[in-house]
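Below is one structure, written out as structure tokens; comments come after it.
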Amino acid sequence: MSFFGDLLGGQAANQAAQWNAKVMERNALIKQQEAEQIMSVHNNYSVPRFDRTVEEIMSQTEVSYLSKGVVLEGTPVEVLYLQRLELETDKDIMQYNAENARDQKYNESIMMQAEADMERWRGKVAKKRSYFEAGQSLLTTATMFG
């Protein structure tokens with residue numbers, strides 16, 4: 001009888017949708033963790049390493065000037081300032097790129113959660129539709145024998 005098939009089909013569709021939603025939510029959680037990892041690596045590794053490199057570059061430049069007898073005033077100070085400014089600009093770009101990558105992962109997570117919610121809704125609709133189809137099947141059967 002089609003009545004039971006309709007009901008079972010709706011139940012199966014709903015269960016599949018619920019399972020898919022759980023998988024999507026797990027993937028969303030992974031994207032959130034990736035976002036947090038991006039900033040953790042940036043803040044705990046990339047920035048300190050960059051800062052050490054900046055200090056090395058600045059120190060090497062100063063030592064180079066001083067070993068050649070250059071007085072650190074006027075043009076040499078301007079060069080050091082511009083060099084520091086350029087390195088700080090590079091650091092700002094690194095920060096922007098890390099935040100942008102983090103935000104992309106967060107956005108992917110949000111979209112996956114939305115897909116999970118939509119999948120759950122589809123499952124509920126399939127289940128309800130199966131009730132209507134089962135009812136229609138019963139009515140059709142009843143009119144055939146009635």
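One is the number of the first residue; the rest follow in order along the sequence.
- Across every non-hydrogen atom of Ala126 and Ala13, the tightest pair is CB-CB, 3.7 Å.
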Chi angles and distances behind the side chain to side chain contact (heavy atoms under 4.5 Å, CB included) call for Val54, Arg84: CA-CA 8 Å; Val54 166; Arg84 172 68 78 169; 3.3 Å; yes
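- Of all heavy-atom pairs between Pro48 and Asn43, the closest is CD-O, 3.3 Å.
- From Ile38, atom CD1 reaches atom CG of Asn100 across 9.5 Å, with rounding to the nearest 0.5 Å.
- Note on Glu25 versus Lys22: no salt bridge recorded, every NZ/NE/NH1/NH2 to OD/OE distance being 4.0 Å or above.
- Nearest approach of Ser109 to Ala28, heavy atoms of both residues: OG-O, 2.9 Å.
- Checked options Gln37, Gln95, Glu99, Arg102; the residue passing with His42 is Gln95 (criterion: side chain to side chain donor-acceptor pair (under 3.5 Å)).
- The same ILVMFWY cluster, assembled from side-chain heavy atoms under 4.5 Å apart, contains both Val77 and Met58.
- Looking only at side-chain heavy atoms (C-beta outward), Met24 and Asp117 stay at 4.5 Å or farther from each other.
- Counting heavy atoms from C-beta on, the side chains of Gln11 and Lys127 come closer than 4.5 Å.
- Side-chain atoms of Thr53 come within 3.5 Å of backbone N or O of Arg49 as a donor-acceptor pair.
- The closest side-chain heavy-atom distance from Glu86 to Leu82 is not below 4.5 Å.
- Taking CG of Asn14 as the start and CZ of Arg129 as the end, the distance is 11.5 Å to the nearest 0.5 Å.
- When the side chains of ILVMFWY residues are joined at heavy-atom separations under 4.5 Å, either directly or via intervening members, Leu87 and Leu80 end up in a single hydrophobic cluster.
- Hydrophobic clustering (ILVMFWY, side-chain heavy atoms < 4.5 Å, transitive): Leu29 and Met112 are in distinct clusters.
- Under the 4.0 Å criterion applied to side-chain N and carboxylate O atoms, Glu119 and Arg122 are assigned as salt-bridge partners.
- The same ILVMFWY cluster, assembled from side-chain heavy atoms under 4.5 Å apart, contains both Ile57 and Tyr65.
- Atom CE of Met118 is surrounded by 12 or fewer heavy atoms from other residues, nucleotides or ligands within 6.0 Å.
- Residues Pro76 and Val71 come closest through the heavy atom pair CG-O, 3.6 Å.
- Atom CE of Met39 is separated from atom CG of Asn44 by 10.0 Å, given to the nearest 0.5 angstrom.
- No continuous path of hydrophobic side-chain contacts links Val23 to Ile110 [ILVMFWY only; heavy atoms under 4.5 Å].
- For Ala17 against Gly123, the heavy-atom pair with the smallest separation is CB-CA, 3.4 Å.
- Pairing each heavy atom of Glu36 with each of Tyr106, the nearest pair is CG-OH, 3.6 Å.
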Pair Lys31-Asn107, side chain to side chain contact (heavy atoms under 4.5 Å, CB included): steps then yes or no: CA-CA 9 Å; Lys31 292 298 179 185; Asn107 286 337; over 6 Å; no
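- Note that CD of Gln83 is 3.5 Å distant from OG1 of Thr61, once rounded to the nearest 0.5 Å.
- Taking CE from Met111 and CG from Asn27, the interatomic distance works out to 14.0 Å, rounded to the nearest 0.5 Å.
- Atom-to-atom distance recorded for Glu88:CD and Leu85:CG is 8.5 Å, nearest 0.5 angstrom.
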